[in-house]
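Because the structure is predicted, anything quoted here is derived from the model rather than measured. All chains are named by letter (A, B, ...) in the order of the sequence lines, taking the proteins before the strands, and each is independently numbered beginning at 1. The figures here come from the full heavy-atom set of this structure, side chains too, leaving out hydrogens, waters and symmetry mates.
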There are 2 protein chains.
Amino acid sequence: MVREQTASMEDYLEAIANLREEGKAVRVKQVSQVLHVKMPSVTSALKKLSGEGLVRHEPYGYIELTSRGDKAAKDVVGRHKALSCFFSQALDIDPGTAEEDACKIEHVISRLSLERLTKFLQFTQACPLGEANFSKRYKYYLEHGELPEECLLRISKVKKASE
Amino acid sequence: MVREQTASMEDYLEAIANLREEGKAVRVKQVSQVLHVKMPSVTSALKKLSGEGLVRHEPYGYIELTSRGDKAAKDVVGRHKALSCFFSQALDIDPGTAEEDACKIEHVISRLSLERLTKFLQFTQACPLGEANFSKRYKYYLEHGELPEECLLRISKVKKASE
DNA sequence: ATCTATTGTTAGACGAGTCTAACAATATTC
DNA sequence: GAATATTGTTAGACTCGTCTAACAATAGAT
């Protein structure tokens, strides 16, 4: 699946899908507010996306995604979630920054890197190595700039145990 | 330090800095080849960057960075290196993809996330937790889809040792 | 020193995406 | 149900960054 939409068009698809998800009426005004653009920009984007069969929109009516549009939107949303998850959980970034970065990076990251990022997150959460998990030790390292005592401690214990 | 350049202009600065670094003569042709754009695009970019005092360039002459331009370029290059390093080393992505992704993401990632990514990499490399380091275990997980034996094993050993 | 190949520049078109201004349709309110 | 407010559309300007085509300067070869 090649990336066939520009960053902007992906943003429109994503915004429509999110509004849909929140049960809100999807109208030009809403989209324009979410994306911080003026209404004519939305109209113009909708025209383009309709032309490509990703969106259904009669003038002055509600905005809907076609099944193809929905698929494309879900793809973007998935990328977004994976990224913001990675940033906030693995890197302990504040939600605001995590969102911001996800919004930008979602348009440019490769499939492979995204998949690996996800797996990395799963791994760090699945491989706790004792009572303190990886994330906790990382956060200690972030705060103090050096490895946590218990991390070094554990190494010596392991060595003893395997002797 | 706010991001004051567009992605394109950052690409030009970066390319000039890299060519410089490699000791090559920095000319319009070289830059155009590196960035896969035509020469008029380079000329036009140079005009813009000169106007902003980031580049020195007499018509038909060599291209140089001013000190401000150099600073800006070093900043981009630093972001690029941090990212490609993270992708290739922490996520075990092939160098080609790591480069590609770094090239895109370097223009949009926040300072904070970049810093954390770097620290994360340092941490995973500094916190080996025994003979097999974190990266190795992660790569095992990548290949086999489950935690390595020795990882689970170590946990029990640690538990035994601390009993 | 001239002729040719290469490199670089200028001019101008184009596509993408945004905006403002003006107008049109729909909703709301009295 | 007419007056007004809100929402949406159209038209057209603008920026950014790219391109092609045509021309100009420099470098290299004979």
Worksheet item: Should D70(A) and K74(A) count as an ion pair when the cut-off is N to O under 4.0 Å?
Response: yes
Worksheet item: If two hydrophobic side chains count as joined below 4.5 Å and joins carry through other members, does V76(B) share a cluster with V55(B)?
Response: no
Practice prompt. State plainly whether one hydrophobic cluster holds both L13(B) and V108(B), where clusters connect Ile, Leu, Val, Met, Phe, Trp and Tyr through side-chain heavy atoms under 4.5 angstrom apart.
Written response: no
Discussion item. Under a 3.5 Å distance rule, please check whether R116(A) uses its side chain to pair with a backbone N or O of F87(B) as donor and acceptor.
Written reply: no
Worksheet item: Relative to the 5' end of DNA chain C, which residue comes earlier, M9(A) or P40(A), by the nucleotide with the nearest heavy atom?
Response: M9(A)
Discussion item. Given 3.5 Å as the limit, does a donor-acceptor pair link the side chain of S110(B) with the main chain of D101(A), or not?
Written reply: no
Practice prompt. Under 4.0 Å from any heavy atom of chain A: name the first and the last nucleotide of DNA chain D that qualifies, 5' to 3'.
Written response: dT7(D) to dT10(D)
Item to complete: Please state whether the rings of F86(A) and F120(B) are parallel, tilted or perpendicular, taking 30° and 60° as the class boundaries.
Response: tilted
Discussion item. Here's a test for you: under salt bridge (Lys or Arg N to Asp or Glu O under 4.0 Å), which of E14(B), E106(B), E115(B), E10(B) qualifies with R79(B)?
Written reply: E10(B)
Practice prompt. Flag the pair E64(A) and R56(A) as a salt bridge only when some basic side-chain nitrogen lies within less than 4.0 angstrom of an acidic carboxylate oxygen.
Written response: yes
Worksheet item: What residues in residues 45-62 of chain A put a non-hydrogen atom under 4.0 Å from any atom of DNA chain D?
Response: K47(A), H57(A), P59(A), Y60(A)
Discussion item. Please compare M39(B) and S41(A) by the position of their nearest nucleotide in DNA chain C and report the one closer to 5'.
Written reply: M39(B)
Discussion item. If you compare all heavy atoms of M9(B) against all heavy atoms of A45(B), which two are closest, and at what distance to 0.1 Å?
Written reply: CE-CB, 3.9 Å
Fill in: L117(A)-V77(A) co-clustered via ILVMFWY side chain contacts under 4.5 Å
no
Item to complete: Would you indicate what T6(A) reaches in the nucleic acid, counting non-hydrogen atoms under 4.0 angstrom: base, sugar-phosphate, or nothing?
Response: sugar-phosphate
Worksheet item: Which of residues 17-32 of chain B sit near DNA chain C, with a heavy atom under 4.0 Å from it?
Response: R27(B), V28(B), K29(B)
